[in-house]
2 protein chains.
Amino acid sequence: MFEARLLNSAIFKKVLDAIKDLLNEGSFDCSDSGIQLQAMDNSHVSLVSLNLKSDGFDKYRCDRNLILGMNLASLAKVFKSSGEGDTVTIKAQDDADTVSFMFEAKKQDKISDYEMKLMNLDQEHLGIPDTEFSCIIKMPSAEYARIIRDLSQFGESIVISCTKEGVKFSASGDIGTGNVKLAQTINFDKEEDSVVIDMQEPVTLTFACQYLNSFAKATPLSNQVTLSMCDNVPLVVEYEIPDLGYLRYYLAPKIEEDEN
Amino acid sequence: MFEARLLNSAIFKKVLDAIKDLLNEGSFDCSDSGIQLQAMDNSHVSLVSLNLKSDGFDKYRCDRNLILGMNLASLAKVFKSSGEGDTVTIKAQDDADTVSFMFEAKKQDKISDYEMKLMNLDQEHLGIPDTEFSCIIKMPSAEYARIIRDLSQFGESIVISCTKEGVKFSASGDIGTGNVKLAQTINFDKEEDSVVIDMQEPVTLTFACQYLNSFAKATPLSNQVTLSMCDNVPLVVEYEIPDLGYLRYYLAPKIEEDEN
DNA sequence: TTATCCCGGA
DNA sequence: TCCGGGATAA
């Protein structure tokens with residue numbers, strides 16, 4: 001059987017909020033080492049990769065590898081009905097076609113349990129190559145979300161350009177042009193406010209706003225976000241989930257349109 | 001003439017919010033002992049019973065019994081325009097076809113008064129029998145509202161089942177099944193957080209979510225709600241209005257569907 | 001408990 | 001694009 005227990009169900013809530021706009025369904029791959037989910041988004045443009053390691057759970061048991069296919073909207077509803085500090089326990093029998101969620105309120109004698117039918121989803125196996133990146137930018141996640149949101153007003157795509165001076169986000173369209181430049185900033189007092197740029201080679205890539213914005217839904221998961229870029233390779237937007245793993249999004253750059 | 005004065009008009013606001021979704025109009029029955037309103041909801045499924053005793057008012061005078069028929073949406077608009085701590089005075093002449101509301105702001109020299117036309121509504125007289133109940137559950141009203149809301153995601157009806165172990169709310173539908181169990185909890189520090197179950201006989205009844213949710217609009221009136229159940233008898237959901245009376249909702253259980 | 005902000009629905 | 005409801009913070 002499979003059983004995973006987490007003292008703070010809010011983390012799951014946030015994970016679901018961060019992926020349910022991109023994915024209608026998800027196959028959670030459960031093994032001894034933890035829970036993985038990898039899938040192309042509904043429009044088959046970007047890729048979501050979630051990794052929750054077993055050590056991060058307060059209790060974890062997985063006798064046999066199993067794949068739990070679930071409708072993410074339904075799953076989000078289940079988690080929405082959990083209270084703030086609830087403990088959640090997820091259970092599935094090895095050959096079962098349902099999964100159960102039990103929420104225990106901390107302060108109260110209240111136990112809620114939900115049972116959901118599992119779905120049989122196609123397994124697309126996605127090989128994600130390990131890449132060396134030219135630039136790795138670590139910055140406050142709220143800052144990232146804000147910049148993407150603001151620049152989305154100006155155009156459909158955003159150019160991210162990283163040099164040794166810093167990182168520049170640009171968008172342009174009918175209204176005009178917007179540029180936001182961030183220089184490396186090490187803030188020792190508030191480490192999460194730092195902007196750290198690790199650049200081997202300068203790089204300039206263009207991405208579709210829509211996806212960058214969707215990725216920003218993961219903001220509540222972490223104070224910081226990491227953007228990894230390299231020419232002709234998908235951008236990686238990573239949110240670390242404290243003590244538990246990470247959520248990564250992959251998005252291929254737009255091919256430069258030479259409009260002249 | 002009729003005159004009733006209440007130092008805190010917010011109570012009326014809350015009462016109106018709690019009934020205006022269920023009732024388009026209401027006949028307020030004014031007598032020496034206070035104000036009553038009893039009516040079937042618009043779809044003639046549930047019943048609303050409001051009782052405000054004259055002692056609870058800061059001034060109360062009712063020379064002759066009279067019935068004030070009002071459109072509740074309009075009445076809610078009138079009260080919505082009252083400020084936070086306003087004092088309200090309701091007046092009607094014995095044979096008048098209008099009712100007047102005067103709001104006095106506490107801190108300010110501001111007096112607003114509104115006059116509304118009365119309506120001639122059919123008097124349906126509703127006998128509500130006094131029943132002995134098998135189970136009486138007293139619980140935090142916010143908790144009740146939350147549970148009903150959460151479970152409404154899963155189905156159109158909710159099963160409430162009370163045993164000596166506690167009370168269980170359940171719903172099921174396409175997404176799956178949800179159960180919320182509450183055990184009796186006496187909290188001496190915060191009495192309003194207690195869950196108190198007074199059970200003579202275990203009972204399990206099914207109700208339409210829609211109405212249970214409507215009843216929950218009364219949550220701001222009181223920290224606690226009382227659910228009284230008995231086989232083949234309408235559920236009573238009662239909110240006590242501190243120092244003034246109560247608001248009760250009655251809803252007949254769904255007949256068990258034996259789908260086999 | 002109330003006021004504010006954010007998100008989802010119409 | 002506007003409005004209402006829910007969640008959250010003070």
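In this structure, A:Asp21 places its CG atom 7 Å from P of C:dG8, rounding to the nearest Å. In this structure, CG of A:Asp86 is placed 15 Å from C1' of D:dA7, rounded to the nearest angstrom. Taking atom NZ on A:Lys80 and atom P on C:dC7, their separation rounds to 13 Å, with Å as the unit. Whole-Å rounding puts the B:Asn213 CG to D:dG5 P distance at 13 Å. At whole-Å resolution of the value, CZ in A:Arg149 and P in C:dC6 are 8 Å apart. Atom P of nucleotide D:dG4 and atom NZ of B:Lys217 are separated by 12 Å, given to the nearest angstrom. In this structure, A:Asp17 places its CG atom 12 Å from P of D:dA7, rounding to the nearest Å. Summarising the geometry, the separation between NZ on A:Lys20 and P on C:dG8 is reported as 6 Å, rounded to the nearest angstrom.
Residue-level contact check: B:Asn223 touches the backbone only, with heavy atoms under 4.0 Å from sugar-phosphate atoms and none from bases.
One finds the CG atom of A:Asp86 at 9.0 Å from the CG atom of A:Asn8 (value rounded to the nearest 0.5 Å).
Taking the ring centroids of A:Phe101 and A:Tyr114, they lie at or beyond the 6.0 Å cut-off.
Here the closest heavy-atom approach between residue B:Pro140 and residue B:Glu192 is recorded as CG-O, 3.5 Å.
In this structure a side-chain-to-backbone donor-acceptor pair under 3.5 Å is present from A:Asp41 to A:Ser46.
B:Arg146 has no side-chain polar atom (N or O) that falls below the 4.0 Å cut-off from OP1 or OP2 of D:dA7.
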